[in-house]
Amino acid sequence: MEFGLSQDQLLLDDSVRKFLSAEVPLDAIRSLAAGEGSDASVWRGLADMGLAGVLIPEAHGGAEMGMLDAVVIAEALGYAACPGPFLSTAVMASYLLKEAGATDPLARMAAGEYRVGIAFSDVIGARKGQVTESDSKLSGQSLFAFDAEADAYLVALADGQVLMIEASEVKRASLTTIDKTRSVCELTFDASPACLVTDDMALVKQAILRGRAVQAADTLGAAQYMLDQAVAYSLERKQFNRVVGSFQAVKHMCAEMASQLEPCRAFVWYAGHAFDEASDDAAVTACHAKAHLAEVGQFVAKTSTEVHGGMGFTDLLGLHYWFKRIGFNRQLLGSPEAVRQEAAVLQGLCD
Amino acid sequence: MEFGLSQDQLLLDDSVRKFLSAEVPLDAIRSLAAGEGSDASVWRGLADMGLAGVLIPEAHGGAEMGMLDAVVIAEALGYAACPGPFLSTAVMASYLLKEAGATDPLARMAAGEYRVGIAFSDVIGARKGQVTESDSKLSGQSLFAFDAEADAYLVALADGQVLMIEASEVKRASLTTIDKTRSVCELTFDASPACLVTDDMALVKQAILRGRAVQAADTLGAAQYMLDQAVAYSLERKQFNRVVGSFQAVKHMCAEMASQLEPCRAFVWYAGHAFDEASDDAAVTACHAKAHLAEVGQFVAKTSTEVHGGMGFTDLLGLHYWFKRIGFNRQLLGSPEAVRQEAAVLQGLCD
Amino acid sequence: MDLAYGADYDAFREEVKAFIRDHKHRQPQPGDGLRSQALKDWQSVLIEHGYHSRTVPRDYGGYGAEPDIIKSRIISEEFGAERVHRGFNGQGVTMLTPVLLEMGTEEQKQAFVSPTINAEIIWCQGYSEPGAGSDLASLTTKAELDGDEWVINGQKIWTSTAHHADWMFCLVRTEPDAPKHLGISFLLFRMDTPGIEIRPLVDMTGDANFNEVFFTDVRVPKNQIIGERGQGWQVANAVLGHERGSLATPDAATNRLNGVKRLMREESISGQPIIDNPVFRDRLMRLEGRVLAMQYNDMRLLSAKINKNQDVRLAKIIVKLIGTELRHEIECLGIDVMGEIGLSYGDNPHVKGLGSWQYQYMFYLGLIIGGGTSQIQKNIISERGLGMPKEPKMSAAEKAVKGA
Amino acid sequence: MDLAYGADYDAFREEVKAFIRDHKHRQPQPGDGLRSQALKDWQSVLIEHGYHSRTVPRDYGGYGAEPDIIKSRIISEEFGAERVHRGFNGQGVTMLTPVLLEMGTEEQKQAFVSPTINAEIIWCQGYSEPGAGSDLASLTTKAELDGDEWVINGQKIWTSTAHHADWMFCLVRTEPDAPKHLGISFLLFRMDTPGIEIRPLVDMTGDANFNEVFFTDVRVPKNQIIGERGQGWQVANAVLGHERGSLATPDAATNRLNGVKRLMREESISGQPIIDNPVFRDRLMRLEGRVLAMQYNDMRLLSAKINKNQDVRLAKIIVKLIGTELRHEIECLGIDVMGEIGLSYGDNPHVKGLGSWQYQYMFYLGLIIGGGTSQIQKNIISERGLGMPKEPKMSAAEKAVKGA
C-alpha cells in the first residue's frame with residue numbers, strides 16, 4: 001500500500017518544475033499579459049517532455065500516462081502560472097477524441113503542433129441562444145471557448161453531440177478575462193462545416209470531470225505558490241521594528257492557509273488516481289475536488305495578498321497573476337455551487 | 001432627527017438591567033436549570049415594572065409601549081439570560097390577542113398573572129401530523145410549544161386559524177432542550193375544546209415577525225454578555241507569563257466579535273422601530289435581523305467560549321447558559337436559512 | 001427614535017431639489033477632466049449655493065455656513081438620488097483644507113484655501129512610504145534645512161493623484177534625533193520642483209491608481225511648512241481619522257447589493273433566472289442582512305454627530321474593517337452568479353452595463369489592505385474599542401537578535 | 001499510488017474477519033462497566049489474538065508482535081465495520097504503557113504493564129492545571145522529598161477518569177529553582193492515597209467528562225518515579241504528540257457526515273424532505289468536500305508511516321485544528337436542518353436514534369479548545385510547519401509592568 005507519488009511521478013514533477021522555473025519567469029508572464037510574445041515555445045518545450053500527450057496512447061505518439069500524472073503536471077503548471085493549452089488540448093480534447101475513436105489529430109496534438117480548444121458553454125451553463133447543428137453545419141454562438149489560439153475546437157451541444165471544427169471555419173473574437181495566463185474567445189458559427197466526433201453525452205461529462213480534477217490541481221499549485229510567497233515576504237518585510245512574520249496575526253493567517261491547503265494535496269492526487277483506477281467515486285471526487293479547491297484557493301489568494309500588504313495589491317511582485325488564475329479556475333467548468341450540486345446529483349441526493 | 005433610544009428608553013433599559021442583575025444572578029439560573037425554583041417571582045417583578053404588558057393598551061392594564069421598547073427589554077433579558085415568558089406572553093400573544101380583539105385575557109397577562117404560550121409548529125415548520133380543528137375542538141400534536149408553564153396556548157393551524165386553549169384541556173409533556181432558561185413542551189390534543197381567536201393568517205405572520213425582532217435583540221444581549229465576559233476573562237487569565245488578552249490572536253478574536261456585534265445594536269433598534277412606524281420594510285427587516293443575529297450570535301458564542309479556554313467549556317463560569325440561549329434563538333421561529341428565504345419571498349424575489 | 005428631519009430640513013431639501021432641477025444641465029460631462037473649465041464653473045456654482053465647501057469661511061472663498069450634519073446629509077442624499085456631480089473632492093479639498101483652516105497661518109490660508117476648493121490647485125498626499133505602510137511613524141524621507149530651504153530626499157508610495165497634481169502636502173523627517181513621532185514635519189511644495197520623479201504604480205486591477213514619488217535634493221522654501229518643525233505627525237493625524245471612515249460607506253454597499261440583485265433577476269443560466277437558484281439567493285439575503293446592519297449603524301453614527309449624547313466609539317472604528325470586507329464579498333457574489341461569464345474583464349463585451357464586479361472585487365481587496373490593513377484595524381478595535389493591552393514591545397536585546 | 005494492501009494483508013484481513021465472526025458474541029454489552037468481568041475477559045481474548053496491546057512484549061503480558069501499521073489499520077477497519085468492542089483503551093493503555101516500556105525500570109514494567117493492559121489497573125492522567133492550560137511548563141503542583149517519600153501539594157484539572165481510576169500518572173514540580181522545563185518529575189501513585197480529593201467538573205454538555213483533583217500532603221514512595229528527577233517534561237512529551245492527533249479522526253467525521261445525510265433524507269419539514277432543500281444540500285456537499293480532503297490526507301499519513309519516504313510534517317500537524325473544527329460544523333448542520341426540533345437534548349424523545357447533534361456540537365467545541373487551543377495549534381503550525389519565528393518574549397522590565 002502506498003498512497004503517494006511514484007518515483008517516476010516525482011521525477012516528472014521535478015523535471016516539469018525545473019523546466020518551468022527556467023522557461024516561465026515572471027517576465028515571460030508579464031510579456032504575455034501585455035499581449036507581447038506567445039506561449040508557443042513553452043508549449044513546444046512541454047510537448048517535447050511528453051506533456052502535451054500525457055493522456056494520448058503511445059500508438060498515437062503520446063506518453064500514455066494517467067490522470068494522476070496529469071494532476072501532478074497541472075499542479076506544477078499552476079505553481080508557475082504557466083500559459084498554454086494543457087487543460088483543453090492535453091486533457092479534455094485528448095481524452096474525448098481518444099474515447100470517441102477520433103484518433104486522427106492525436107499525434108499532432110501530442111507533438112504540440114495542433115491545439116484543440118473546448119467550446120462547451122452550452123453544456124456548462126448556457127446563456128441566451130445555443131449552438132445548433134443541421135446537416136453537420138453549426139450555427140449560433142459559443143460564448144466562452146478556451147483557448148483562443150486553438151487550431152480547432154470541440155463544440156458540445158446541449159444534446160450531447162460533440163463536433164470538431166477547424167478554427168479557420170469560425171469567426172473568433174478574443175475575450176478579455178481577469179486571467180492573462182489563459183486565453184478565451186467567443187466563437188460565432190454561421191452554417192460552419194464541422195465534423196461529428198460523438199453523440200455520447202457520457203463522454204462530454206467525463207471530459208468535463210477530468211478537466212475539473214486537473215483544474216483543482218492547478219489551483220492547488222497556484223495557491224501553494226501564493227502561500228510560499230506570503231511566508232517568504234513576511235519574513236523579509238519589517239514593520240514596527242519586527243519582521244511582519246513575527247506578528248501572531250500574520251503567523252495565524254499563514255497557518256490557516258497551510259492548514260486548509262495541505263490536505264488538498266492528497267485530495268487532488270486521489271482525484272487523479274480514481275480515474276486511473278476507474279473507481280466508482282471518481283466523478284463525485286472530481287466535483288468535490290474542484291469545488292473544494294475553488295473555496296480554499298479563494299481564501300489563500302485573498303489571505304496571501306493581505307499578508308503582502310500594499311505590495312500584494314500592486315503589480316510589482318506579480319502576485320496578482322496567481323490571484324487571478326485561482327479566480328479563473330473558480331469559475332471555469334462551473335462555479336463551486338454548480339459543481340457541488342452536481343456532486344449531489346451524482347450521489348442520487350437530488351435530480 | 002435622532003436615531004437612538006429616548007431618555008425614557010434609556011431609563012427603562014437601566015431599570016430592567018438593575019432589576020435583572022439583582023434578581024437573576026447566575027445561581028438563580030443554575031437552580032432553574034437543575035429543576036429547582038421557578039421563574040415566577042422574576043416574572044412578577046418584571047410585570048410590576050410594566051414589562052409583561054409592554055404591548056398591551058393602557059385600557060387593558062398594559063404599559064402601551066412599542067416594539068422598540070420591547071426590543072430594548074429583550075436585549076436586557078438576553079444579557080441576563082433571564083427566564084420567563086416575555087417572547088410568548090408579552091410579545092407574540094399580547095400582539096395577536098390585541099389585534100384580534102380578544103382582549104379578555106390582556107389585563108391578567110399584563111399583571112403577570114396569566115401566561116399565554118405559543119404553539120405555532122404547524123406554521124413554522126410542520127413535521128408529520130398536523131393539528132386539526134373540528135367544531136372548535138383540536139386534535140393532533142403540536143411538537144414544539146413555548147413556554148411549558150403557560151396557563152393557556154395560542155395554537156396556529158396551517159390554514160391560519162388561531163385558537164386559544166386552556167392548559168388544563170391539553171396533555172402537556174415538557175421537552176428538554178439545550179437551553180434551560182426557556183421551557184418548551186409538546187401538546188397533545190384529543191378533541192380538546194378551544195376558542196377561535198382569529199382566522200387571519202396575516203396576524204399569525206405579524207406575530208411571528210414581531211417575535212423574530214425581539215429574539216434578535218435577545219441574541220444581541222446574550223452575545224454582548226459573552227463578549228464582555230471574554231474581554232474581562234482575557235485580561236485576568238495568564239498564560240506564558242502574560243495576560244492572554246495581550247496576545248494578538250486573542251485581541252483579534254475579541255475585535256472580530258465586537259466588529260460583528262456592534263452594528264447589530266442599531267439594526268435591532270430599527271427592527272423594533274419599523275413596527276412602531278408601520279414602515280413598509282418592517283417585515284423584511286425583522287427577518288434579516290433575526291437571521292443575521294443568529295449568525296453573528298453563533299460566531300460570538302463560539303469565539304467567546306474559545307477565548308475562555310477550558311474554563312469556557314466547563315460549567316464553572318456558567319458561560320454555557322448564554323451559549324445555549326443563543327443556540328436556542330437560532331432555531332426558534334425558524335432557522336436562519338428558512339428566515340432568509342422568507343426575506344426573499346417578502347421582496348418578491350421568489351415564491 | 002425619530003427618523004424625520006423636521007420641517008426646516010424638509011424645506012431645505014426642497015431647496016436642494018430645486019437647485020438640482022435648475023442647474024443639473026450645467027454639470028460636467030463624463031469627458032470633462034480635472035482641468036476642464038466645465039468642472040471649474042460647476043465648482044463655482046456649487047460653492048456659491050453652499051453645496052460644496054459649505055463650512056469654509058467666506059473670507060477664504062467658501063460658503064461660510066455653520067456646520068450642519070443633516071443639511072450635509074440631505075445634500076448628499078439628493079445629489080446621490082439624482083446622480084448629480086458632487087464637484088471636485090480630491091485630497092486637497094477633503095484632507096488639506098481642514099488642516100489649513102485649523103493649523104495654517106493667515107498667509108497660508110489666503111494663499112491656498114480658495115484655489116484648492118475651486119479646483120485651481122490639485123493636490124496629492126505624501127504620507128506612505130515603502131518601509132512604513134501601516135507604521136507612519138517610521139517614515140524615512142528626510143528634509144534638511146539648508147539656508148532658507150528644505151532639501152528633501154527619499155521616496156513616497158501610494159500617492160494617488162501625483163501625476164495630475166500641482167502641489168503635494170507631505171510628511172518628512174526633519175529631526176532625525178528626536179523620538180519617532182516627534183521628528184516629522186508637514187511641508188507643502190509644487191510638484192514641478194526640480195528633483196521630483198513620479199512613477200505610476202500599476203496595481204492588480206491593471207490600472208495605475210497610485211504612484212511612487214522619488215525626491216532627489218528637492219529644494220522647498222523654508223516657510224512652506226504647516227505647524228511647527230517636528231509637529232507634522234500631530235498635524236496629519238488631525239485628518240487621518242477622517243479618511244479611514246470614508247472608505248466604506250453603506251450607501252455604496254447598498255447600491256452594489258441592489259446591482260447584484262438586478263443582475264440575478266435579469267440574467268439566466270441554462271434557461272433559469274439566476275434569482276431562482278436558492279443557494280445564490282441565500283447568499284444574497286445573507287449579504288443583505290449584513291448591509292442592513294451597516295446601514296443602521298451608519299444612521300446611528302450620523303445621529304450621534306447631531307445629538308452628541310451617545311458613545312459610538314466602537315460603532316465608528318469598526319466601519320472600515322467590516323465595510324470593506326462586505327463590499328469585497330458583494331462583488332464576489334456578482335462574479336460567482338455569472339459563472340464563466342463572471343470572468344469577463346476590461347474590454348470584454350460581456351462586461352457591459354453590469355458593472356465590473358471583478359474590478360471592484362480587486363479594488364476592495366486593495367481597500368481592505370490600504371489605509372491600515374485588517375490586522376491593524378483589529379489591533380485598534382481591541383485596544384481603543386475594548387481596552388485590551390497594546391502589543392508588548394520587544395526588548396532591546398531581542399531587537400538586536402531579530403532585527404538587522 | 002497503490003491503494004491495495006497486498007495478498008498477505010488480504011489474508012490477514014480474513015483472519016480478523018474470522019475472529020470477529022467467531023468471538024463477537026463474547027464482547028461486553030452496553031451495560032458492562034469498566035470493572036466488569038466481561039470487559040476483562042474480552043480484553044484477554046483480544047490480547048491473546050493480537051487485537052489489543054499487539055506490540056507490547058510477551059514478557060509484560062502483551063502479544064509481542066512487530067509493529068505493523070497496515071495490520072493495525074486492518075484491525076481498526078474490520079472492528080469498526082462490524083462495530084465490535086475494541087477493548088479497554090484508557091489513558092493507562094494508550095499513554096502510560098508506551099512511557100513505561102520506553103523509560104520505566106524493569107521492576108516498573110513488571111509491576112504495571114500487564115495489569116494496565118488487562119484493565120486491572122485503571123489510570124488517570126495528571127498533567128493540566130488551572131494556571132497552566134496550554135502552557136504545561138508553568139505547572140505549580142509541587143512534590144518535596146521528605147525522607148523516602150514525595151509530599152505532593154497542589155491541584156490538577158481536566159482529569160478525565162479520576163473518579164474511576166486506581167492510579168494516577170502525574171507531572172509535579174520537584175526542583176523549584178530549575179528552569180521551568182527542567183524542574184518537573186513524572187510520578188505514579190494510588191488514587192486512594194490519603195490527601196487526594198476528587199471533584200467532578202461538570203461541563204457545558206451537562207456531563208462531568210472531567211474532574212479536578214486536589215492534593216494535600218499526599219505522600220508517595222520515592223521510587224514511584226519514571227525517569228530521573230527533573231526529567232518529567234521529556235518523559236511526558238514522548239507521548240503527548242500521540243494524543244493530539246487522535247482527537248479528530250476522519251473516519252468519525254465521515255460517519256457523522258453520513259449521519260447528517262441520512263437525517264436529511266429521512267426527515268421532512270413542512271412536507272418537504274430536508275434533502276430537497278438546496279441551501280442545506282449545498283452546505284452538506286461543502287462539508288463532504290472538506291471531509292474527503294481530510295480522509296485522503298489521512299491515507300497519505302498512513303502511507304508515510306509505512307513507506308517512510310515522504311515528508312508529511314505539515315500534513316500531520318494540521319489534523320487537530322482542521323479536524324475538530326470540521327466535526328463541530330458537521331454537528332451544526334445536523335442541528336440546523338432540524339429547525340426547532342434540532343434544539344432537543346437529553347431525554348427529549350425527539351433526540352431518538354438521530355444521534356445527539358447538540359451534544360457533539362458542544363463536545364467538539366471542547367476538543368477545539370482542549371489539548372491545545374486553536375490559537376496554540378496555529379502557533380505550532382506557523383512555527384514548526386512553516387518556519388516562522390516564535391512569539392517574542394517580553395523583556396524583564398515589561399514583565400514587571402504587565403505581570404503581578
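The model shown is predicted, which means the values in this text are computed figures rather than measured ones. In what follows, chains carry the letters A, B, and so on, assigned in the order in which the sequence lines appear, proteins first and then strands, with residues in each chain numbered from 1.
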Contacting region of [X] [heavy-atom separation from chain A under 4.5 Å]:
| X | result |
| --- | --- |
| C/L201 | side chain |
| C/E340 | both |
| C/I157 | side chain |

Name the region of [X], side chain, backbone, both or neither, that has any atom closer than 4.5 Å to a heavy atom of chain C.
| X | value |
| --- | --- |
| A/Q341 | neither |
| A/T314 | both |
| A/R340 | neither |
| A/M311 | both |
| A/Q298 | side chain |

> Is there any salt bridge (charged side-chain N to carboxylate O under 4.0 Å, His left out) pair reaching into residues 244-255 of chain A, and which pairs are they, with sequence neighbours excluded?
Replying inline: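 Pairs touching residues 244-255 of chain A that pass the test: A/K251-D/E383.
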> Any salt bridge (charged side-chain N to carboxylate O under 4.0 Å, His left out) pairs touching residues 364-381 of chain C, not counting sequence neighbours?
Replying inline: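 For residues 364-381 of chain C: B/E256-C/K378.
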> Could C/R256 and C/E331 be called an ion pair, given the rule that one side-chain N must be under 4.0 Å from one carboxylate O?
Replying inline: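 A salt bridge links C/R256 with C/E331.
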> Any Lys/Arg nitrogen of C/R290 or C/E329 sitting under 4.0 Å from an Asp/Glu carboxylate oxygen of the other?
Replying inline: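 Between C/E329 and C/R290 there is a salt bridge, with a charged N closer than 4.0 Å to a carboxylate O.
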Scan side-chain atoms only and decide if [X] and [Y] contain a donor-acceptor pair under the 3.5 Å cut-off.
| X | Y | result |
| --- | --- | --- |
| C/R327 | C/Y361 | no |
| C/Q155 | C/E129 | no |
| A/S335 | C/D336 | no |
| A/Q229 | A/S304 | no |
| A/S183 | A/E149 | yes |

Could you tell me which of [options] has the largest number of non-hydrogen atom pairs under 4.5 Å with chain C?
| options | answer |
| --- | --- |
| A/A338, A/A249, A/G309, A/A33 | A/G309 |
| A/F313, A/F144, A/F247 | A/F313 |
| A/L175, A/T305, A/D315, A/T176 | A/T176 |

> In terms of the angle between their ring planes, are C/W233 and C/H181 parallel, tilted or perpendicular, with boundaries placed at 30° and 60°?
Replying inline: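 C/W233 vs C/H181 ring planes: perpendicular.
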> More than 12 foreign heavy atoms under 6.0 Å from CG of C/D207: is that the case here?
Replying inline: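 Count over threshold, so yes.
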> Is there any residue in residues 279-287 of chain C with a non-hydrogen atom under 4.5 Å from a non-hydrogen atom of chain A, and which ones are they?
Replying inline: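 The residues closer than 4.5 Å to chain A, in numerical order, are C/V279, C/F280, C/R283.
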>> For chain A, which candidate among C/N379, C/L365, C/D203 shows the most heavy-atom pairs at distances under 4.5 Å?
In response: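 The residue among C/N379, C/L365, C/D203 with the greatest pair count is C/D203.
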> Partners of A/K302 by salt bridge (charged side-chain N to carboxylate O under 4.0 Å, His left out), sequence neighbours excluded?
Replying inline: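 Only A/E306, C/E325 meet the salt bridge (charged side-chain N to carboxylate O under 4.0 Å, His left out) criterion with A/K302.
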